[in-house]
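Have a look at the structure below, then the notes.
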Protein chains: 2
Amino acid sequence: MKQKVTLKQIAKELDVSISTVSKALKDSVEISLDTRQKVKAFAKLYNYKPNNIALSLKNRKTKTIGVIIPEIVHHFFTTVIGGVEKVANEKGYNVIICSSNNSFDKEVINLEMLASGSADGFILSVAKETQQKKDYHHIEETMSQGMPVVLFDRIIDELVCDKVIIDDGKGAQTATNHLLSLGCKKIAIITTVDYISVGKLRTNGYLRALRAYDITAREDYILKIEDIDNCESEISSFLKDKEVDAIFAVNELFAVTAARVLHEQGKKVPDDVSIVGFTDGILSKHFIPSLTTISQHGEEMGIRAAKLLIDKLEGEEDVPEEYKTVIIDTSLIQRQSTKK
Amino acid sequence: MKQKVTLKQIAKELDVSISTVSKALKDSVEISLDTRQKVKAFAKLYNYKPNNIALSLKNRKTKTIGVIIPEIVHHFFTTVIGGVEKVANEKGYNVIICSSNNSFDKEVINLEMLASGSADGFILSVAKETQQKKDYHHIEETMSQGMPVVLFDRIIDELVCDKVIIDDGKGAQTATNHLLSLGCKKIAIITTVDYISVGKLRTNGYLRALRAYDITAREDYILKIEDIDNCESEISSFLKDKEVDAIFAVNELFAVTAARVLHEQGKKVPDDVSIVGFTDGILSKHFIPSLTTISQHGEEMGIRAAKLLIDKLEGEEDVPEEYKTVIIDTSLIQRQSTKK
DNA sequence: TAACCTTACGAAAACGTTTGCGTGTGGATA
DNA sequence: TATCCACACGCAAACGTTTTCGTAAGGTTA
């Protein structure tokens with residue numbers, strides 16, 4: 001178990017100074033060709049790799065991007081990460097990922113840990129708990145220390161920074177309009193409680209779409225779910241004996257659960273009830289019937305977020321701060337869960 | 001945009017030495033109570049946080065675990081990460097995740113990057129390409145530099161290190177046995193090409209189970225898929241006009257795709273054909289009918305892997321090396337895709 | 001031969017910590 | 001008054017780099 005070899009060791013072995021070794025490896029003209037070759041051969045033999053930690057300390061930058069997401073077991077977020085990695089790798093950045101598990105405390109810990117030396121900037125989607133508590137001091141602090149932050153998807157309006165979002169309201173409107181255009185009249189929505197920003201926005205989009213069609217929204221057609229993991233029973237009793245002809249679900253899980261409940265209640269999708277979901281994940285694609293849904297283009301979000309961040313990281317220091325909010329277009333993916 | 005505050009700055013402001021500040025913050029008795037309080041108050045005010053990079057350099061350990069997985073958009077792997085994070089957090093370690101995207105080159109790059117300063121040890125499941133190329137020099141090198149590696153799921157037999165696996169063969173046998181015990185006689189298998197270690201092992205388990213039942217395996221009941229992303233057409237023509245009464249699929253995607261194909265071919269699951277999958281992911285749970293499957297207990301794998309790694313990291317230096325292979329039990333989760 | 005220029009290398013500082021040890025100050029003791 | 005001991009603090013090294021600057025040796029020029 002030989003330890004990693006350092007410049008110092010090479011220098012000692014070759015009986016030259018550390019600086020000579022460093023320069024030789026960088027092909028500096030200061031060093032004679034002879035010495036250069038000798039050093040390089042030796043370094044190769046012993047498989048010398050510069051120590052990143054030392055470099056980071058010296059350069060005061062790490063060339064890595066920290067990504068913090070609410071849950072790692074979530075298809076949408078992983079596609080975003082895919083996008084981030086794509087551009088990060090192109091630009092020579094590494095990506096490290098941490099999950100907050102939707103816990104405020106873990107979000108704070110992870111951010112502080114990464115902020116204290118491991119990453120130059122952050123791409124983050126805040127935890128559910130953080131949105132609920134409305135406590136953003138950790139993010140503000142990170143920014144005030146000069147580390148750029150790009151928020152995506154679950155963003156925070158009050159925070160002044162770059163953001164990448166979709167137009168949740170518009171997406172929801174598109175979804176609802178699609179149902180309306182199919183002739184559906186009794187359209188229910190299964191959504192989250194209001195403190196989840198994207199849930200609320202999508203609910204509003206649904207309401208707007210109905211209004212534009214001169215349909216009065218009905219309270220009993222709106223289900224707001226708090227405990228996502230146990231949504232089945234709630235959805236089941238919500239749908240029980242309800243004469244709806246369409247459902248708009250603000251996420252994939254609600255959509256498939258609704259489909260399953262309907263199936264159990266003996267109703268057919270899309271013949272009796274049409275369903276439109278949100279987020280184009282594996283479930284929507286593989287379900288039978290496959291689900292019509294609103295795609296958020298997660299990868300594109302990741303790409304844009306990474307670009308914004310790297311621009312900030314590599315931008316001039318003294319340029320007046322300017323923050324952008326990029327809005328990614330959603331699109332309706334028509335599949336089998338809505339009738340033609 | 002005030003910069004991060006360092007010991008040096010605090011020292012300067014308070015007109016004491018750096019060491020005094022450092023000691024004061026650690027409540028050293030060497031420092032007078034008065035000074036300690038003053039320093040701490042100041043540090044708090046300016047929100048001092050020790051620089052991890054500097055600490056890592058000094059201590060020559062980072063207290064972080066590197067996890068490298070083939071794909072991040074994969075439910076099984078994310079559950080493993082969940083397990084790793086659980087024990088890592090308990091023990092004061094951080095977890096950073098990189099994905100190799102099933103690319104050998106990216107695996108090498110990520111490993112080298114993390115190995116050169118960012119992590120103390122690794123938990124890794126190798127890329128498809130790596131299994132194909134049989135080139136493990138990067139992993140061997142990492143280990144020879146004194147950094148422990150724990151392999152999981154897609155492991156490499158030739159490598160001498162800790163491993164956490166399931167008994168893929170046994171799991172497959174259990175799956176097949178279950179079908180046999182239901183009275184199925186014509187059991188097809190949809191599996192991967194042989195160079196994917198787990199695919200091969202599962203195929204072998206299937207064959208063993210048949211043999212134990214004195215059923216001769218039929219070549220035309222075995223489908224080996226190379227291009228996972230386009231499996232639908234292959235599965236479709238494989239199943240076309242085939243009189244099977246059961247299918248064992250070595251992963252979730254194959255299982256649902258088979259179900260979808262059968263559905264299109266007018267066959268009912270489980271009435272006409274029973275299906276057993278492998279990996280208990282979202283798809284299996286939410287599909288209609290929900291899928292009987294072999295659970296790999298990803299979280300448990302992560303937990304065990306993290307424990308093995310941390311044991312090595314915190315163990316005595318001069319203890320003779322000893323490597324364990326932990327085999328996690330799989331279990332059959334009975335759902336609706338196999339008839340009673 | 002004195003002055004100068006190249007060439008080839010080394011010393012040292014810096015990044016931010018921690019920590020063993022040295023030391024000045026003041027009070028208590030003999 | 002000389003000695004000793006706590007006490008409270010500072011110095012400096014170390015971790016592994018990079019890079020600026022200084023400098024010795026040798027050769028060239030006048």
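Sequence lines set the chain letters: A, B, ... in the order given, protein chains first and strands last, and positions in each chain run from 1.
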Nucleotide-resolved protein contact map, nucleotides 11-19 of chain D, B/S/- at heavy-atom distance under 4.0 Å: BB-BBBBBB
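- Among Lys307(B), Lys324(B), Lys312(B), the one residue that satisfies the salt bridge (Lys or Arg N to Asp or Glu O under 4.0 Å) test with Asp162(B) is Lys312(B).
- In this structure, Asp34(A) atom CG and dT7(C) atom P are separated by 16 Å, rounded to whole Å.
- Asn110(A) contributes a side-chain N or O that, together with a main-chain N or O of Ser99(A), makes up a donor-acceptor pair within less than 3.5 Å.
- Using five terminal pairs a side, the axes of the helix from dT1(C)-dA30(D) to dA30(C)-dT1(D) at its two ends make an angle of 90°, given in steps of 10 degrees.
- Side chain to side chain, His138(B) and Glu107(B) meet the donor-acceptor criterion of an N or O pair below 3.5 Å.
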Quick one: which protein N/O atoms are closer than 3.5 Å to N/O atoms of nucleotides 5-7 of chain D? Pair and distance per line, please.
none

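- At whole-Å resolution of the value, CG in Leu14(B) and P in dA8(D) are 17 Å apart.
- Note: Phe42(B) and Tyr46(B) have parallel aromatic rings, judged against thresholds of 30 and 60 degrees for the angle between ring planes.
- Environment of NZ in Lys86(A): sparse, with no more than 12 heavy atoms of neighbouring residues, nucleotides or ligands closer than 6.0 Å.
- Summarising the geometry, the separation between CD1 on Ile53(B) and C1' on dT18(C) is reported as 16 Å, rounded to the nearest angstrom.
- Between the side chain of Asn51(A) and the backbone N or O of Ile53(A), at least one donor-acceptor pair lies under 3.5 Å.
- Looking at Lys106(B) and Glu85(A), a side-chain N of the basic residue comes within less than 4.0 Å of a carboxylate O on the acidic one, giving a salt bridge.
- Screening Val149(A), Val150(A), Ile155(A) for a side chain to side chain contact (heavy atoms under 4.5 Å, CB included) with Leu124(A), the sole residue that qualifies is Val149(A).
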Tyr195(A) and Lys134(A): CA distance, side-chain angles, deciding distance, side-chain contact (heavy atoms from CB on, under 4.5 Å) verdict: CA-CA 10 Å; Tyr195(A) 65 78; Lys134(A) 293 178 183 292; over 6 Å; no
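- Under 4.0 angstrom from either OP1 or OP2 of dC9(C) there lies at least one side-chain N or O belonging to Thr35(A).
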Val73(A) and His75(B): CA distance, side-chain angles, deciding distance, side-chain contact (heavy atoms from CB on, under 4.5 Å) verdict: CA-CA 6 Å; Val73(A) 193; His75(B) 187 265; 3.1 Å; yes
